[in-house]
Amino acid sequence: EEQEEDVLRELRLFLRNVTERLSLDRRFKAFTRPVDIEEVPDYLMVIKKPMDLSTLLTNIDEHKYVTVSEFMLDADLIWQNALEYNPDSDPMDRHIRHRACALKDTVRAILRDELDEDFERVCEEIKESR
Ligand SMILES: Cc1noc(C)c1-c1cc(NS(=O)(=O)c2ccccc2)cc(C(=O)O)c1
């Protein structure tokens, strides 16, 4: 009903705000767009579920997420994919892994500081009721 739509609208505003802040952080530039298959031809042979910050925003706008947990599953794909595709000891791999770990820690810190657990519980109840 209307109250549920109010909650989900607030969820989308919160998730957009978090995602846009991440996209503005220069450390996360490589995570702002899908990995370019022209630049990285074997990427889709290794990574089965690509994800990036612009795709997160599109998913939010398409009402894909009813809870923060669902959003987190996709947000976590971004850094998990980067760790999986860039495992080597060479400086380039290490550099992207450092940024992937910074992305993981930054998302968790934002949600710990800014997400009200009662709000997420209401979202979970809406999800269960559908
Ligand atoms: C992400 C990612 N996962 O595996 C790899 C490898 C990367 C990755 C891919 C690219 N090149 S790209 O053309 O696909 C691109 C440029 C700008 C934004 C988004 C993608 C650059 C870098 C980088 O560190 O600069 C990293």
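We count ligands from 1, going down the list as the structure has it; atoms in each ligand are counted the same way. Heads up: numbering here begins at 1 and tracks the sequence.
For the residue pair Tyr43 / Asp36, no side-chain donor-acceptor distance below 3.5 Å is found, with atom types taken as modelled. Under 3.5 Å, the side chains of Asp52 and Thr55 contain a donor-acceptor pair of N or O atoms.
Close approach to Asp36 involves these atoms of ligand 1, each under 4.0 Å from a residue heavy atom: 12 (S), 13 (O), 14 (O). The contact set between ligand 1 and Arg99, taken as ligand atoms under 4.0 Å from a residue heavy atom, comprises 23 (C), 24 (O). Atoms of ligand 1 found under 4.0 Å from any heavy atom of Glu39, numbered from 1 in the order shown, are 13 (O). Every atom of ligand 1 is numbered from 1 in the order shown, and the set under 4.0 Å from a heavy atom of Lys29 is 18 (C). Residue Val35 has at least one heavy-atom neighbour below 4.0 Å for each of these atoms of ligand 1: 1 (C), 2 (C), 3 (N), 14 (O). If you number the atoms of ligand 1 from 1 as listed, the ones under 4.0 Å from a heavy atom of Arg33 come out as 19 (C).
A donor-acceptor distance shorter than 3.5 angstrom exists from the side chain of Thr58 to the backbone of Ser54, with no hydrogens or angles considered. Listed for the Asn86 side chain is a donor-acceptor partner under 3.5 Å among the backbone atoms of Ala82.
Residues in residues 95-122 take part in these side chain to side chain donor-acceptor pair (under 3.5 Å) pairs, two or more places apart or across chains: Arg21-Glu114, Ser69-Glu120, Asp76-Arg108, Asp118-Arg121.
Within a 4.0 Å radius of atom 10 (C) of ligand 1, the protein contributes no heavy atom. Under the 4.0 angstrom criterion, atom 15 (C) of ligand 1 counts as lacking any protein heavy-atom contact. Checking atom 19 (C) of ligand 1 against the protein gives a heavy-atom contact under 4.0 Å.
Counting heavy atoms under 4.0 Å from ligand 1, residue Asn86 touches it through the side chain alone.
In this structure, the side chains of Met51 and Pro34 stay at 4.5 Å or more apart for every pair of heavy atoms.
The 12-atom threshold is not exceeded at CD of Glu38, counting heavy atoms of other residues, nucleotides or ligands nearer than 6.0 Å.
In terms of N/O distances under 3.5 Å, ligand 1 is not approached by Tyr85.
When only non-hydrogen protein atoms are considered, atom 1 (C) of ligand 1 lies nearest to Ala30 O, 3.4 Å.
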TODO: Walk me through it: do Leu11 and Phe119 pass the test side-chain contact (heavy atoms from CB on, under 4.5 Å)?
DONE: CA-CA 9 Å; Leu11 172 69; Phe119 180 79; 4.0 Å; yes

